[in-house]
Student: 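What follows is a single structure, and I will ask about it in a moment.
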Amino acid sequence: MKLIETHAHLYSEQFKLDRTEALHRAVAAGVDTILLPNIDRRSIDAMLELEANFPQTCHAMMGLHPCSVGPDFEQEIQLLEDWLARRPFVAVGECGIDLYWDKTYLPQQREALRAQLRLAKQYDLPIVLHTRSAFEEAFELVSEAQDGTLRGVFHCFSDGVAEAERIIALGGFKMGIGGVATFKNGGLDQVLPHVGLEHLVLETDCPYLAPVPYRGKRNEPAYLPLVLHRLAALLGQSPEVVAEATTRNAQQLFRL
């Protein structure tokens, strides 16, 4: 089975000592495509270096994470605009709204997301959305921008059936399913059986949110099959069927 990892911060400092080994473990586990979401200007060099070293496997996005949005966010947006004009990327992201840690810069987060939604449409790229403790705020802006051409992923989806139905009704959007699906109290066991496989893609969000039995430890793309098997069990499908469907969904969405 071939799997596509749609969200991995494999360039992060947490992989400093074994980045190449982690990538080889992923490929050995059947994960032969890894998509790299950007954070801000500080992550670009490491992300692009990883992509350059493993161009057949790693593919970079360009975006501004909501937790990196501050009073100078316009400069960050200008930088990512410059990069998008300079070379190809597989998506605009990771971007969105995060109200879990801090609500101070919510107005700036809104403007940064609006700008990145515009860029996604301008460059005909999917947008990868971070919506932690902010589904309503992010969904409002995405819905406002949806003109039939916008597509993307609600990354790290962990909301309810009602939110899943709203995402599906938007058109063009998938839900990224990761380690939370394996958590005993993650809640997705009550949600995913009501969501069609055609609306899902797989991710780890490594180095965060490691699936059971590695919960609390560093996550890595090689753990993606654990998410696959949990999703298959919840949907009552074989792992092969889920692997084929989620891989096809990712290929179509990101045009891989």
Student: Let me confirm one number: the NE2-CD distance from His155 to Glu203, rounded to the nearest 0.5 Å.
Tutor: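 It comes to 5.5 Å.
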Student: Do Leu79 and Leu64 make a side-chain contact, defined as non-hydrogen atoms from C-beta onward lying under 4.5 Å apart?
Tutor: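 Side-chain contact under 4.5 Å: no.
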Student: Any salt bridge linking Arg87 with Glu51? Criterion: basic side-chain nitrogen under 4.0 Å from a carboxylate oxygen.
Tutor: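 A salt bridge links Arg87 with Glu51.
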Student: Working note: Glu137 + Gln109, criterion side chain to side chain contact (heavy atoms under 4.5 Å, CB included); need CA distance, chi angles, decisive distance, verdict.
Tutor: CA-CA 10 Å; Glu137 290 81 355; Gln109 287 192 41; over 6 Å; no
Student: Would you give the length of the straight line joining atom CG of Asp45 to atom CD of Glu49, rounded to the nearest 0.5 angstrom?
Tutor: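 So the gap between those two atoms works out to 8.5 Å.
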Student: Locate the shortest heavy-atom distance separating Pro221 from Thr204; write the atom from each residue and the value.
Tutor: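 Closest heavy-atom pair between Pro221 and Thr204: CA-CG2, 4.1 Å.
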Student: If you count heavy atoms of other groups shown closer than 6.0 angstrom to CD of Gln56, is the number above 12?
Tutor: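 No, not enclosed.
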Student: Following the transitive rule for hydrophobic clusters with a side-chain heavy-atom cut-off under 4.5 Å over Ile, Leu, Val, Met, Phe, Trp and Tyr, establish whether Ile177 and Leu129 coincide in one cluster.
Tutor: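 In one cluster with Ile177: Leu129, yes.
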Student: Hey, are the side chains of His130 and Cys156 touching, using non-hydrogen atoms and a 4.5 Å cut-off?
Tutor: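 The answer is no, as the side chains (C-beta and beyond) never meet within the 4.5 Å cut-off.
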Student: Hey, what else clusters with Trp101 if you join Ile, Leu, Val, Met, Phe, Trp, Tyr whenever side-chain heavy atoms sit under 4.5 Å?
Tutor: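 Result for Trp101 is Tyr100.
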Student: Kindly determine whether Ile4 and Phe254 satisfy side chain to side chain contact (heavy atoms under 4.5 Å, CB included), including the steps that lead there.
Tutor: CA-CA 11 Å; Ile4 295 178; Phe254 293 99; 5.9 Å; no
Student: Within a strict 4.5 Å, meaning less than it, do heavy atoms of the Val161 and Gln190 side chains meet?
Tutor: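 No, side chains not in contact.
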Student: Do the side chain of Gln116 and the main chain of Cys95 share a donor and acceptor less than 3.5 angstrom apart?
Tutor: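 No, because the side chain of Gln116 does not come within donor-acceptor range (under 3.5 Å) of the backbone of Cys95.
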Student: With sequence neighbours left out, what residues match Ser68 under side chain to side chain donor-acceptor pair (under 3.5 Å)?
Tutor: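 So Ser68 forms a side chain to side chain donor-acceptor pair (under 3.5 Å) with Asp40.
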Student: Looking only at non-hydrogen atoms, find the nearest pair between Gly179 and Val227 and report the distance.
Tutor: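 Looks like N-CG2, 3.9 Å.
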Student: Show the nearest heavy-atom pair for residues Gly176 and Val153, with the distance to one decimal.
Tutor: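 Smallest interatomic distance, heavy atoms only, reads N-CG1, 3.6 Å.
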Student: Take the angle between the ring planes of Phe89 and Trp83 and call it parallel below 30°, perpendicular above 60°, tilted in between.
Tutor: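 Perpendicular, since the angle between the ring planes exceeds 60°.
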Student: Evaluate Leu50 against Ile34 for side chain to side chain contact (heavy atoms under 4.5 Å, CB included), listing each step before the verdict.
Tutor: CA-CA 11 Å; Leu50 178 58; Ile34 299 174; over 6 Å; no
Student: Taking only Lys NZ, Arg NE, NH1 and NH2, and the carboxylate oxygens of Asp or Glu, determine whether Arg41 and Glu76 approach each other closer than 4.0 Å.
Tutor: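 The answer is yes: the pair qualifies as a salt bridge.
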Student: Answer with yes or no whether the hydrophobic clustering places Leu224 together with Leu188; edges join I, L, V, M, F, W, Y residues whose side-chain heavy atoms lie under 4.5 Å apart.
Tutor: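 Hydrophobic grouping puts Leu224 with Leu188.
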Student: What verdict does the side chain to side chain contact (heavy atoms under 4.5 Å, CB included) test give for Leu197 and Val241, after you've listed the backbone C-alpha separation in whole Å, the side-chain angles of each residue and the deciding distance to 0.1 Å?
Tutor: CA-CA 9 Å; Leu197 193 48; Val241 166; 4.1 Å; yes
Student: Are Ile97 and Phe173 linked, directly or through other ILVMFWY residues, by side chains that come within less than 4.5 angstrom of each other?
Tutor: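 They do share one cluster, since a chain of ILVMFWY contacts under 4.5 Å joins Ile97 to Phe173.
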Student: Do you know which two heavy atoms are closest between Leu253 and Gly172, and how far apart they sit?
Tutor: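 Closest heavy-atom pair between Leu253 and Gly172: CD1-O, 3.8 Å.
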Student: Please report the interatomic distance CG(Asp98) to CZ(Arg132), rounded to the nearest 0.5 Å.
Tutor: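 Result: 6.5 Å between the selected atoms.
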Student: Quick one, Pro66 and Leu113 - any side-chain contact, counting heavy atoms below 4.5 Å?
Tutor: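 Of all side-chain heavy-atom pairs linking Leu113 with Pro66, none is under 4.5 Å.
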Student: Is there a path from Tyr11 to Val92 through hydrophobic residues (I, L, V, M, F, W, Y) whose side chains come within less than 4.5 Å of each other?
Tutor: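 Same hydrophobic cluster.
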Student: Donor-acceptor pair, distance only, cut-off 3.5 Å: does the side chain of Thr57 make one with the backbone of Phe54?
Tutor: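 Pair absent, no side-chain N/O of Thr57 close to backbone of Phe54.
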Student: Does any non-hydrogen side-chain atom of His199 lie less than 4.5 Å from one of Ile167?
Tutor: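 No, their side chains stay 4.5 Å or more apart.
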Student: For Ala145, is there any backbone N or O sitting under 3.5 Å from a side-chain donor or acceptor partner on Lys121?
Tutor: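 Answer holds: yes.
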Student: Can you pull out every side chain to side chain donor-acceptor pair (under 3.5 Å) where at least one residue sits in residues 237-256? Sequence neighbours excluded, please.
Tutor: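 Counting only pairs at least two positions apart or across chains, the side chain to side chain donor-acceptor pair (under 3.5 Å) contacts touching residues 237-256 are Asp124-Arg255.
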Student: Under the ring pair (Phe, Tyr, Trp, His ring centres under 6.0 Å) rule, collect the residues that match up with Phe139, sequence neighbours excluded.
Tutor: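 Residues passing ring pair (Phe, Tyr, Trp, His ring centres under 6.0 Å) with Phe139: Phe135.
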Student: Work out which heavy atom in Pro126 is nearest to a heavy atom in Gly152; give both atom names and the distance.
Tutor: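 Taking Pro126 first and Gly152 second, the nearest heavy atoms are CB-CA, 4.0 Å.
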Student: Scan for salt bridge (Lys or Arg N to Asp or Glu O under 4.0 Å) pairs involving residues 152-179, sequence neighbours excluded, and state none if there are none.
Tutor: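 Checked against salt bridge (Lys or Arg N to Asp or Glu O under 4.0 Å) - neighbours excluded - the pairs reaching residues 152-179 are Glu136-Arg166.
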Student: Any side chain to side chain donor-acceptor pair (under 3.5 Å) pairs touching residues 208-221, not counting sequence neighbours?
Tutor: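 For residues 208-221: Asp18-Arg218, Arg25-Glu220, Arg218-Glu220.
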Student: Would you check if Glu81 and Arg118 make a side-chain contact, meaning some heavy-atom pair closer than 4.5 Å?
Tutor: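 They are in side-chain contact.
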Student: How long is the span from the CG atom in Leu202 to the NE2 atom in His7, to the nearest 0.5 Å?
Tutor: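 Nearest 0.5 Å value for the CG-NE2 distance: 13.5 Å.
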Student: Does a side-chain heavy-atom distance below 4.5 Å link Val180 with Phe157?
Tutor: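 A side-chain contact under 4.5 Å is absent here.
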Student: Tell me the closest heavy-atom pair linking Val195 and Leu235, and the distance in Å.
Tutor: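 The answer is O-CD2, 4.0 Å.
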Student: If we ignore hydrogens and angles and just use 3.5 Å, is the side chain of Arg114 paired with the main-chain N or O of Leu141 as donor and acceptor?
Tutor: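 No, Arg114 side chain to Leu141 backbone: no donor-acceptor pair under 3.5 Å.
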Student: I'd like to check Tyr223 versus Cys206 (side-chain heavy atoms, cut-off strictly below 4.5 Å). Are they in contact?
Tutor: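 Not touching, per the 4.5 Å side-chain cut-off.
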Student: So, taking the atom named CE in Met62 and the one named CG in Leu80, what distance separates them when rounded to the nearest 0.5 Å?
Tutor: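 So the CE of Met62 and the CG of Leu80 are separated by 7.0 Å.
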Student: Look at the side-chain heavy atoms of Ile, Leu, Val, Met, Phe, Trp and Tyr, link any pair under 4.5 Å apart, and say whether Leu234 and Met1 land in one connected group.
Tutor: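 Yes, Leu234 connects to Met1 through the hydrophobic network.
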Student: To the nearest 0.5 angstrom, please state how far the CD1 atom of Ile127 sits from the CZ atom of Phe154.
Tutor: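 CZ of Phe154 is found 9.5 Å from CD1 of Ile127.
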